[in-house]
2 protein chains.
Amino acid sequence: MDKRQITLKDIAKELKLSPSTVSRALRNHPAISKETKELVRDYAVKHKYKPNTLALQLRTNRNNTIGVIVPEIVHYFFSTVIAGIQDEAEKENYNLIICQSNENYGREVKSVETLLDARVRGILASQSKSTEEFSHFQDIIDNGTHLVFFDRICTGINTDKVVIDDYAGAYNAVDYLIRSGCTRIAFLGSNPHLPIANNRRMGYEDALRNHNISVDKALIQVCDTIELAREIVPVMLKIAPAPDAFFCINDEVASYCLQICKSAGYKIPQDISVCGFTNSYITEMTDPTLTSVDQHGFEMGKAAARLLINRIKGIEKKTGIVSKVIKTKLVVRNSTRN
Amino acid sequence: MDKRQITLKDIAKELKLSPSTVSRALRNHPAISKETKELVRDYAVKHKYKPNTLALQLRTNRNNTIGVIVPEIVHYFFSTVIAGIQDEAEKENYNLIICQSNENYGREVKSVETLLDARVRGILASQSKSTEEFSHFQDIIDNGTHLVFFDRICTGINTDKVVIDDYAGAYNAVDYLIRSGCTRIAFLGSNPHLPIANNRRMGYEDALRNHNISVDKALIQVCDTIELAREIVPVMLKIAPAPDAFFCINDEVASYCLQICKSAGYKIPQDISVCGFTNSYITEMTDPTLTSVDQHGFEMGKAAARLLINRIKGIEKKTGIVSKVIKTKLVVRNSTRN
DNA sequence: ATGAAAGCGCTAACAC
DNA sequence: GTGTTAGCGCTTTCAT
């Protein structure tokens, strides 16, 4: 192991040329003669010369790395976003350093440090649920590094972002539930200081109001994990009159909710409709299959990466902040009435 | 944007010292006086000096990056492995560059190129299903870069690897199915040139033989995607006598298999038992919940990263190849009889 | 206890 | 058309 890579200098010495000539030949500089170019190139190919990225980067004082901070990697939505980011970054020869915060504020702060130490060109971030203090994100900007938030944006920081239309996604789903005859629709949400959770709740409430259904606080709960679902759903089923629909913040909660309702003797969707959010592959694995709001994570990843790269390259002209919205789509399956 | 970071030289000039003194002060060199050290350090902290990683790396001609090649990122098992790798790499301050091959040979080759161009210290790889030619992996080793395979190892290359005990995992699962009364057990497998698929099949066959059940080729099929499951499971159900159990190569196939059997009127697990492989979260979302073989992806990721890092650091003494095996565990749920 | 100089691999201004 | 030199930020002999 640790074989030394061949360098420009090695080639120069071997070919009795100067390093600069070799450099120019390889980069197809017009001033170099055809013969020299061929000579150099043949030698380079033959000896598998690879330019030392590190040296290039040191000279230009910039690397081609993008940092990504997600709450979790083992997560359908976020892994989908990462795939989208990767797809777009690869096209432009950017590498990715991926950090996960594990929904933990401290690890999020540390991830930012790691990425800044690595001198990434820019950072794509989705904040953890437990983050309520934002100076680490401000540090990124103060450091002169580009920052784009996606999905779980941070309202305290003034920078580019890519989000889905959470309000409309929720509104449309709840509207659909109402039109199918549901009137007691529960909302299993998340921490309201997350804009995604708050916007969906507003969409939910407005859909109810527009159909002259009053908002019942008892039907609105923070319930964004399967553990909470196990606890909260049975309690909600005991409310009189019982809910005839659950609109859930993610597919995992929806899936558990569905199971719990079934175990309690309710027929899905005849007695109770259940709707998830994300449209992950588990929507096809539940029984009945799960109606869900598609978040288009891949598109979001691509859009966020695109925006960041445009900022890095200075292509994005807009001087103020850019806010991109990805449209959601309700995918109706069998867990909701028609 | 693009604010210049403060450098050693800047500090030196400001403090009227030489760069070397500043460097030594920061690195706590014994020859530097206490006063100078404090002076320099205070200044560094105050001005948020960060050593330029690129320069360090250029000097030592080595970066602290590990490359990872997986078939897919949006995949429970692989994302879990990545999380494990990340966990271990982070401890030692290694960054990750993640590439996905999308089960495509060409992209796998390109991923290797990308990682070698980035001069990663080592590569962790799980090969794509379509790979039948291995010279790109040999290039990694020839290039002097460490290589560790995990899960989908490449038998054509002589290097370190981390696998699960596929044979034992399959044997135990099938043994369990037989003990619960099943005798017509189908195997929904994968391409036999993948060792994981072949080993599981051998475990399956040996379990049958040890119980004096003959191996019926009609009950063995390559069926490793949901698309194939939709096609193949209905056909297998028409075989007479019909299978009374399905042992599946992954949880997605198992989940679909379960649904198809239910739709065909079979009771699960009374008529047909279904067992998956991976033990992903979908095992809790199917109805009934899915018995599955836990692959311990997180542990595998940690073990693979550990092995690679030990090789990089020269800690791993063994000169031959190291083969680490992660033990699987059958997790019994409600899709199999007792 | 501190400084000067060289060098990691590469490129670009400036020779000739 | 090609060579010389300097410099990116850092560390490390070798001086003093």
Side-chain angles (χ1 to χ4, degrees), chain A residues 2-41 43-44 47-65 93 116-121 143-144, chain B residues 2-41 43-44 47-65 93 116-121 143-144:
Chain A
D2 277 346
K3 275 182 10 188
R4 223 179 104 279
Q5 282 275 348
I6 183 175
T7 73
L8 267 191
K9 235 186 189 162
D10 296 332
I11 301 183
K13 195 181 292 172
E14 204 60 42
L15 262 35
K16 298 193 198 312
L17 289 168
S18 80
S20 39
T21 303
V22 175
S23 169
R24 287 189 271 245
L26 256 13
R27 319 186 73 234
N28 203 20
H29 189 105
I32 303 294
S33 74
K34 217 168 192 154
E35 300 77 48
T36 311
K37 279 184 187 169
E38 273 172 18
L39 182 70
V40 170
R41 288 183 174 170
Y43 189 92
H47 292 78
K48 295 191 188 174
Y49 167 75
K50 283 185 203 299
N52 185 323
T53 334
L54 261 23
L56 269 316
Q57 293 177 356
L58 177 59
R59 274 198 102 256
T60 56
N61 195 28
R62 54 188 45 183
N63 60 26
N64 60 335
T65 305
N93 272 307
L116 290 183
D117 283 354
R119 308 221 166 186
V120 296
R121 293 296 299 282
N143 183 66
Chain B
D2 276 346
K3 274 182 14 187
R4 225 179 102 276
Q5 282 275 349
I6 183 175
T7 73
L8 265 192
K9 235 191 199 160
D10 296 331
I11 301 183
K13 196 181 293 176
E14 205 59 40
L15 263 36
K16 299 195 198 311
L17 289 168
S18 78
S20 35
T21 304
V22 175
S23 169
R24 286 190 273 245
L26 255 14
R27 319 187 76 233
N28 202 20
H29 189 105
I32 303 294
S33 75
K34 219 170 193 154
E35 300 77 46
T36 311
K37 279 185 188 169
E38 275 171 17
L39 182 70
V40 171
R41 287 182 175 171
Y43 189 92
H47 292 76
K48 296 192 184 170
Y49 167 75
K50 284 184 201 301
N52 185 323
T53 335
L54 261 22
L56 269 316
Q57 293 177 356
L58 177 59
R59 267 200 108 256
T60 55
N61 196 25
R62 52 189 45 183
N63 60 26
N64 60 336
T65 304
N93 271 310
L116 291 183
D117 284 353
R119 307 220 167 188
V120 297
R121 291 297 299 282
N143 183 66

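Residue numbers begin at 1 in each chain, while the letters A, B, ... track the order of the sequences.
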Undergrad: Using whole Å, what does the distance between atom C1' of nucleotide dC10(C) and atom CG of Asn61(B) come to?
TA: 13 Å
Undergrad: What's the CG-P distance between Leu26(A) and dT2(D), to the nearest Å?
TA: 14 Å
Undergrad: Is the phosphate of dG7(D), meaning OP1 or OP2, less than 4.0 Å from a side-chain N or O of Lys9(B)?
TA: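 Answer is no, no contact under 4.0 Å.
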Undergrad: Check whether any side-chain heavy atom of Leu54(A) sits under 4.5 Å from a side-chain heavy atom of Leu58(A), and report yes or no.
TA: no
Undergrad: First locate atom CG of Leu39(B), then atom NZ of Lys16(B), and finally report the distance between them rounded to the nearest 0.5 Å.
TA: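 Spacing of CG (Leu39(B)) from NZ (Lys16(B)) equals 12.0 Å.
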Undergrad: Write down the distance between NZ (Lys50(A)) and C1' (dC10(C)), rounded to a whole number of angstrom.
TA: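 In whole Å, dC10(C) C1' and Lys50(A) NZ are 17 Å from each other.
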Undergrad: Write down the distance between CG (Asn52(A)) and P (dG9(C)), rounded to a whole number of angstrom.
TA: 7 Å
Undergrad: Could you state the CZ-C1' distance from Arg119(A) to dC10(D), rounded to the nearest angstrom?
TA: 11 Å
Undergrad: Report the nucleotide, chosen from dG9(D), dT2(D), dG9(C), that has the shortest atom-to-atom distance to any side-chain atom of Thr7(A).
TA: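 Of dG9(D), dT2(D), dG9(C), dG9(C) is nearest to the side chain of Thr7(A).
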Undergrad: Could you go through Gln57(A) and Asn52(B), starting from their C-alpha distance and side-chain angles, then the distance that decides it, and tell me whether this counts as side chain to side chain contact (heavy atoms under 4.5 Å, CB included)?
TA: CA-CA 11 Å; Gln57(A) 293 177 356; Asn52(B) 185 323; over 6 Å; no
Undergrad: Is there a side-chain polar atom (N or O) of Ser33(B) under 4.0 Å from OP1 or OP2 of dT2(C)?
TA: yes
Undergrad: For Leu17(B), answer base if it contacts any base atom (sugar-phosphate contacts may also be present), sugar-phosphate if it contacts only those atoms, and nothing otherwise; contact means non-hydrogen atoms under 4.0 Å.
TA: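 The answer is sugar-phosphate, as Leu17(B) gets under 4.0 Å only of primed atoms, P, OP1 or OP2.
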Undergrad: Nearest heavy-atom pair of Asn63(B) and Thr65(B): which atoms, and what distance?
TA: OD1-N, 3.2 Å
Undergrad: Rounded to whole Å, how long is the line connecting atom CG of Asn28(A) with atom C1' of dG1(D)?
TA: 14 Å
Undergrad: Dump the intermediate steps for side chain to side chain contact (heavy atoms under 4.5 Å, CB included) on Tyr43(B) and Val22(B), then the final yes or no.
TA: CA-CA 10 Å; Tyr43(B) 189 92; Val22(B) 175; over 6 Å; no
Undergrad: Could you give the CG-to-C1' distance, from Leu39(A) to dG1(D), as a whole number of Å?
TA: 14 Å
Undergrad: Could you check how far CG of Asn63(A) sits from C1' of dC8(D), rounded to whole Å?
TA: 14 Å
Undergrad: Working to the nearest 0.5 angstrom, can you tell me the gap between Ile11(A) CD1 and Lys13(A) NZ?
TA: 12.5 Å
Undergrad: When rounded to the nearest 0.5 angstrom, what distance separates OG1 in Thr36(A) from CZ in Arg24(A)?
TA: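 Answer rounded to 0.5 Å: 11.0 Å.
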Undergrad: Can you find a side chain N or O atom of Thr36(B) that sits less than 4.0 Å from OP1 or OP2 on dT2(C)?
TA: yes
Undergrad: Does the protein touch nucleotides 11-16 of chain D at the base, only the backbone, or not at all? Give it as B, S and - per nucleotide, heavy atoms under 4.0 Å.
TA: BBB---
